[in-house]
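Presented below is the structure to which this report refers.
Hydrogens, waters and symmetry mates are skipped; everything else that's a heavy atom, side chains included, is used. Predicted, not measured: the structure shown is a model, and the values here were computed from it.
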Amino acid sequence: MTMSLSTDVRMIKGVGPQRAELLAQRGIYTLEDLLGYLPFRYEDRIHFSKVKDIQPNGTYTLRVRVMSGQAVRSMRGRDAIYHLLVQDDAGGSLPCKFFHGGYLEGRLKPGQLLILHGKAEVDKLRPARLEMVNPQIEVLSSEEMDSTEVGRIVPIYEAIGTFGSRQIRRAMYAAVQLIDTRMLDLLPEELRARLGFPSRGEALIQTHFPGAGENLDALNTFRSPAQQRLIFEEFFLYQLSLALDRRATRKENAIAFRVREDAVREALKRILPFKPTAAQKRVLAEIAADLEKRAPMNRLLQGDVGSGKTIIALQAAVIAIENGTQAALMAPTEILAVQHFLSARRVLAKAGYGVELLISGLKSAEKAAALERIRSGEAQLVIGTHALIEENVEFARLGFVAIDEQHRFGVLQRKRLMDKAAAHGHAPHVLVLTATPIPRTLSLTLYGDLDVSVLDELPPGRTPIVTRITTEPHLPGVWEFLRREVAAGHQGYVVYPVIEESKLELKAAMKEFERLSKEVFPKLKLGLLHGRLSSEEKEDVMQRFRKNETQILVATTVVEVGVDVPNATVMVIEHAERFGLSQLHQLRGRIGRGAARSHCILVAPMRMTDEARARLETMVRTSNGFEIAETDLLLRGPGEFFGTRQSGDLGFHVANPLRDRELLELARREAFALADDSGQTQTLQRILRALPGEWQRRYHLARVG
Ligand code: ADP
Ligand code: MG
């Protein structure tokens, strides 16, 4: 039988129907998919460590025999610790401990050969002795010479359900034998030669089963030439899609706005409620320069929480309106959309512009009227949520689009809003606002098709926020502090870790709300805000808080983005250890918006993980959003950081934008150079034609080719 990359995984030795089902859950259906499932770690099983040489805290791979093993149940009888004693060829013996190790009982027999991989630790009870706690364990089969198990650098795969690392390795070994090194290679030959990368087939073989001479450290840090080539390839194809996208948009025709005319300048001045900061002026100038061109603006505005992005979006909207087009502002939550609507009405309606709110919570008659005003052009600035991109929304002449807190939306949603203008034969100018400051290299991966402006200055008159960590037993003191702040005329938030807005979580928050209202602050007025309230209820709660009719707002993370009530000076975050760093930073950004000194109090349990502690301490150390984002990335890794939606959009298998920054920059330069080089059209066409369907889907390339 002949095999090709699209061969069903079931045809591969070691993969039966059952395992194929497990693989399918990971999106692995074909030989090609399987080959894309890469080892996350490697072990040197040529040069095993000796028990007598191991040192505390070192990590070792040992080849040992089982001497004895025994499970010891805890008093309550549920959990077992499995104690294992092993010995290597040189006679050195080592005790091992497996917590939750009951499953090992009866599985390990004296004399059996094992590979152990783990960290040597000092036995706490007998400090003179070393042990391994929960080492990775692999039982060697009788045919010891199997070349996938020992005598080489061995790849370790993440198990897929019951399909263990060792069995995956065997199947992979069979799969790798089927690789034709002349297989399709998407990287242009010239590029590959210039950068010294191996061919795709060679790279896959070497990544799964590296040669004996390969550097183990390089492999374990994804720095071997084979791995680097696969990483580069992912970045390169992704950047190529961005480059082509950008080329396509540049060709489109937007409306070139007049921005220097006196009437426009006057209008811009008229709406300004305050003196803009130098950074705001600079950014507006950058935007204005884009708006003057026929090529559509495609700009990202990064600015820390509270840096004053909203007014810039409104000014750009005024330019669009003064040029006879409509503007749209899309926000990720209703609370935020309503807030933007209120402040836009404050500054724009006064100047005679038509401002419209479009959220799904509108009554149907209201909604129909709003849609009609949008269609007729009477609505000049339309502010809303996802409701804006619904099909029934038609603009008379949409010229400018702003998207607030872009990290909450996918790339596709941005495109859909842009399409609303395309209906009239022109592309809109687009401004994307984000308060999740992303290090530059990473913003290139996410927003590689956008130009970037940075608001790196806070409006004047802000007093720095004081942040401190406290533990639950000190809550009474925290409430006392909040009471005093309220007595001084201020307001405060108390946030609970209701993240999924599940019924169970909400119940806990509501109970706390009751308790705070009745027992802790019986003399004050409290509001409760959560995601399950109707739009009207939410707006009602916010309205009362804005007017200082309620002094304390008990809330879930729905207050996280954008909420702006300058009189609020206290932010108490309960179970702060459960929030991510960027989320904590966003929450803290709700205070410190006025001249009075604000306080952020992070309440955590006495015991928490080191990682949680590191997060909270970062909050105390700095209020710089860029620094916080960097730390967040380091602590969580980019997948978590960007949230599933974004990383799903990117869909990298091997590449890690944080770890592989340099390759990312290189790939970006090469991809953009290729896309812009008219002499290379043929190479480009060849790549686009040859791209497997999965890649086309992943990178939205089909449409561009
Ligand atoms: P963000 O960048 O987080 O969206 P906002 O646009 O909500 O920030 O602005 C935060 C607060 O600062 C708002 O109350 C806004 O009115 C105020 N603000 C913005 N720019 C200035 C300025 N130049 N001078 C004074 N206050 C400003
Ligand atoms: Mg904002």
Side-chain angles (χ1 to χ4, degrees), residues 1-42 146-149 152-187 189 192 197-211 214 219 222 224-238 648 650-655 686-699 701-702:
M1 197 197 116
T2 56
M3 296 270 184
S4 79
L5 286 174
S6 52
T7 298
D8 192 312
V9 274
R10 272 170 295 193
M11 299 290 126
I12 294 160
K13 197 175 148 211
V15 185
Q18 244 171 3
R19 286 174 175 171
E21 228 160 82
L22 290 170
L23 290 174
Q25 285 167 18
R26 291 286 181 102
I28 298 171
Y29 303 95
T30 64
L31 173 59
E32 160 106 65
D33 296 339
L34 184 65
L35 290 169
Y37 193 73
L38 301 181
F40 72 97
R41 183 167 73 72
Y42 300 83
D146 185 327
S147 63
T148 65
E149 295 190 347
R152 60 157 55 248
I153 291 178
V154 171
I156 309 296
Y157 299 88
E158 194 192 307
I160 302 177
T162 54
F163 200 0
S165 177
R166 173 168 154 245
Q167 291 115 4
I168 293 177
R169 188 191 311 134
R170 290 182 156 214
M172 202 63 84
Y173 192 75
V176 164
Q177 307 311 311
L178 302 171
I179 291 180
D180 177 348
T181 50
R182 289 160 308 167
M183 76 194 271
L184 179 67
D185 195 332
L186 293 170
L187 293 187
E189 184 75 48
R192 200 155 61 71
F197 285 136
S199 71
R200 181 172 164 77
E202 197 56 41
L204 282 171
I205 295 173
Q206 285 294 325
T207 299
H208 286 291
F209 292 95
E214 287 294 327
L219 284 165
F222 291 79
S224 78
Q227 291 163 315
Q228 296 266 289
R229 139 123 214 171
L230 296 177
I231 293 168
F232 178 86
E233 174 183 290
E234 279 197 319
F235 283 145
F236 181 76
L237 293 175
Y238 180 70
L650 298 176
F652 294 130
H653 285 165
V654 232
R686 188 187 66 82
I687 296 176
L688 294 177
R689 264 200 308 276
L691 269 183
E694 187 231 4
W695 284 81
Q696 290 182 8
R697 271 197 306 283
R698 259 162 77 187
Y699 299 115
L701 275 173

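For the side chain to side chain donor-acceptor pair (under 3.5 Å) with Glu233, the lone residue among Gln228, Arg192, Arg200 that qualifies is Arg200.
For the atom pair CG of Leu230 and CG of Leu204, the computed distance is 5.0 Å after rounding to the nearest 0.5 Å. To the nearest 0.5 angstrom, Phe236 atom CZ is 10.5 Å from Arg229 atom CZ. Arg166 contributes atom CZ, which lies 12.5 Å from atom CD1 of Ile168 (distance to the nearest 0.5 angstrom). Distance OG1/Thr30 to CG/Leu35: 8.0 Å, rounded to 0.5 Å. Here CD1 of Ile28 is found 10.5 Å from CG of Leu22. Values are rounded to the nearest 0.5 Å. In this structure, the separation between OG1 on Thr7 and CG on Asp33 is 11.5 Å, given to the nearest 0.5 Å.
Applying the salt bridge (charged side-chain N to carboxylate O under 4.0 Å, His left out) test to Glu158 and every residue at least two apart in sequence or in another chain returns Arg26. Take Ala174 and apply the side-chain contact (heavy atoms from CB on, under 4.5 Å) test, not counting sequence neighbours, and it matches Ile12, Lys13. Scanning for ring pair (Phe, Tyr, Trp, His ring centres under 6.0 Å) contacts around Tyr157 gives His208, with sequence neighbours left out. Phe197 is linked by a ring pair (Phe, Tyr, Trp, His ring centres under 6.0 Å) to Phe232, counting only residues two or more places apart in sequence or in another chain. Residues forming a side-chain contact (heavy atoms from CB on, under 4.5 Å) with Phe222 (at least two apart in sequence, or on another chain): Gln227, Ile231, Val654, Arg659. With sequence neighbours left out, Arg19 forms a salt bridge (charged side-chain N to carboxylate O under 4.0 Å, His left out) with no residue at all.
The two residues Pro198 and Pro225 make their nearest non-hydrogen contact at CD-O, 3.9 Å. Taking all atoms of both residues into account, the shortest heavy-atom contact from Ile153 to Gly211 is CD1-O, 3.8 Å. Taking every heavy atom of both residues into account, Ala20 and Arg10 meet most closely at CB-CG, 3.4 Å.
More than 12 non-hydrogen atoms from other residues, nucleotides or ligands lie less than 6.0 angstrom from CZ of Arg41.
Between Arg169 and Phe209, the closest side-chain pair of non-hydrogen atoms falls below 4.5 Å. Between Ile156 and Phe40, some side-chain heavy-atom pair lies under the 4.5 Å cut-off. When side chains are defined from C-beta on, Met172 counts as touching Leu34, because their heavy atoms get closer than 4.5 Å.
Gln206 places no side-chain N or O within donor-acceptor distance of the main-chain N or O of Ala226, the cut-off being under 3.5 Å. With hydrogens and angles ignored, the 3.5 Å screen pairs a side-chain donor or acceptor of Gln177 with a backbone N or O of Tyr173.
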